[in-house]
Amino acid sequence: MRHWNILGAAVLALALSSVAAGAQTVKIGIVNTYSGPAAEPGDLIQRGIDLYMKEHEKDLPPGVKVELIKRDDTGPNPEVAKRLATELITRDKVNFLAGFVYTPNAMAVGPLATEAKVPVVVMNAGTAAITTTSPYIARVSFTMWQSSYPLGQWAAKNNIKKVYSAVSDYGPGIDAEAAFTKGFTDNGGQMLGSVHMPFNTADFVPYMQKAKDTNPDAVYVFVPAGKQAIALMKAFGEVGLKQAGVKLIGPGDITTDEGLDDMGDVALGTITMFHYSAAGKRPANDAFVKAYKAAYGQKEEPAFEVVGGYDGMDAIYHAIIAQKGKLDPDKTMALLKEWKSDKSPRGPVSIDPETRDVVQTEYLRRVEKVNGKLYNVEIDSMPAVKDPWKIINNKK
Ligand code: PHB
């Protein structure tokens, strides 16, 4: 009898402790691009997630564990993203969905998030309308309008009179072109023409040749960060636009910090507007760059995608810690809406509670050589920029 009591108590204690532990495992479903030709930004996001978790595991309340369930969408494939998100919601019962490099994938999960009440943290995709597709989406990355609208204003006021635009033919490219064009032409600039390039373009020479033929002061470009940005920069050099004195301008996706070495000197002088540069001189960024190099190699430079993953986890940890690991989706959304950080590598950043979209400093940068290496050197900044598309169009 006595024997049974002890055994019974032990079994009960074990059962209770595993229930308690189980109840405090927070599951995050990561929908990200881990394979295929467009995987580079996805790998960088994952590096940011991993670095954050390693540094901040100690900040979780006692007994709370975070489990990542990683799924590969293999590129901009909304049907795949939808299927993966559905499985993560219904089978794995995740508390969050996060990741999302590519706009079509983020767009595809909005209705699912609303129906299942699963908070989504967008760590990259930049088309302005994404956050309007569900009240359960918050974005920590950027919008194309946030960089390209002020870049258009800057160009018109800085002796650039005629511009030809070449953008990737999908959500963020269409947004980027519209944003630049509005900022530029509202301030007296003239657009000479534009071309929308298919997402999978490998050879940008014909497009850059077309741009050159219009004799512009500058070519405005958006292509997704990664291999495409490197190929575009090479084409800009090959057709002789640089030698002809034509400037290359765009959002920072076209001069990614991790890609500058591969782009080479043709990138020198490129002007971009963006929210993050590895060369940013801030104590939080110094520490971040140091930790990144220690984790991934001294020759590596962290890029904006890494920061998207890193800060995205900070927003998620904020919601987890405030609720001590027992998550309610509506409380989580309220906590995401009040997230702000003065420890981000990019400078002060927050989420606008009205739109659930990111508010951050935009930096004007020029590619320069520092100690023999190419960097996006910050030359000016605009604090607390909200998504201009939502302001202009009165969108929430
Ligand atoms: C997007 O699909 O929204 C996207 C992808 C890569 C970028 C920027 C935006 O560099």
Side-chain angles (χ1 to χ4, degrees), residues 31-34 36-48 73-78 80-81 98-110 120-133 137-149 151 166-180 196-201 204 220-233 250-260 263 270 272-278 302-309 312 346 357-358 360 362 365 376 387 389:
V31 179
N32 198 6
T33 307
Y34 293 111
E40 197 173 305
D43 290 334
L44 295 172
I45 289 175
Q46 190 60 49
R47 285 182 171 193
D73 59 29
T74 72
N77 297 310
V80 176
F100 302 100
V101 179
Y102 294 104
T103 287
N105 302 5
M107 284 289 202
V109 302
V120 177
V121 175
V122 174
M123 293 172 161
N124 190 74
T127 300
I130 289 170
T131 45
T132 67
T133 63
I137 297 185
R139 171 161 42 199
V140 296
S141 48
F142 56 90
T143 79
M144 303 312 301
W145 275 82
Q146 228 169 17
S147 52
S148 285
Y149 181 64
L151 179 66
V167 297
S168 211
D169 190 12
Y170 79 119
I174 309 300
D175 263 23
E177 180 190 281
F180 180 83
H196 295 177
M197 307 176 287
F199 179 84
N200 286 322
T201 299
F204 292 97
Y220 168 83
V221 164
F222 166 77
V223 291
K227 287 195 170 61
Q228 296 228 342
I230 294 168
L232 185 121
M233 186 64 81
D253 310 72
I254 65 166
T255 56
T256 50
D257 293 311
E258 87 288 0
L260 282 175
M263 292 178 189
T270 304
T272 54
M273 189 76 82
F274 218 35
H275 60 284
Y276 178 71
S277 164
F304 70 95
E305 301 97 318
V306 183
V307 176
R346 67 182 111 176
D357 221 336
V358 62
Q360 58 194 335
E362 288 291 326
R365 308 104 49 86
N376 289 296
D387 176 33
W389 180 80

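Both ligands and their constituent atoms are indexed starting at 1 by order of listing. Starting from 1, each residue takes its place in the sequence as its number.
- Taken from OG in Ser141 to CD1 in Ile45, the straight-line distance is 8.0 Å, to the nearest 0.5 Å.
- For ligand 1, the atoms sitting less than 4.0 Å from at least one non-hydrogen atom of Phe304 are 10 (O), numbered in the order shown with element in parentheses.
- The protein atom (non-hydrogen) at minimum distance from atom 5 (C) of ligand 1 is Tyr170 OH, 3.4 Å.
- Taking OG1 of Thr255 as the reference point, atom CE of Met233 lies at 6.0 Å (rounded to 0.5 Å).
- Of the N and O atoms on the side chains of Thr127 and Tyr170, not one donor lies less than 3.5 Å from an acceptor on the other residue.
- Note that OG1 of Thr270 is 10.5 Å distant from CZ of Arg365, once rounded to the nearest 0.5 Å.
- The atoms of ligand 1 that sit less than 4.0 Å from any heavy atom of Ala225 are 7 (C), 10 (O).
- Interface atoms of ligand 1 facing Asp253, defined by a heavy-atom separation under 4.0 Å, are 7 (C), 8 (C), 10 (O).
- Proximity of Phe222 to ligand 1, defined as any heavy-atom pair under 4.0 Å, is confined to the side chain (atoms from C-beta onward).
- The main-chain N or O of Trp145 is never found under 3.5 Å from a side-chain atom of Ser148 such that the two would form a donor-acceptor pair.
- The closest approach between any non-hydrogen atom of Ile130 and ligand 1 is not below 4.0 Å.
- Listed by number with element, the atoms of ligand 1 under 4.0 Å from a non-hydrogen atom of Gly126 are 1 (C), 3 (O).
- Residue-ligand proximity, Val101 to ligand 1, at heavy-atom distances under 4.0 Å covers atoms 1 (C), 2 (O), 3 (O), 4 (C), 5 (C).
- In this structure, atom 3 (O) of ligand 1 lies nearest to the protein heavy atom Thr103 OG1, 2.5 Å.
- Among Val101, Asp43, Thr74, Asn124, the single residue meeting the side-chain contact (heavy atoms from CB on, under 4.5 Å) criterion with Thr33 is Val101.
- With rounding to the nearest 0.5 angstrom, the CZ atom of Phe100 is 12.5 Å from the CE atom of Met107.
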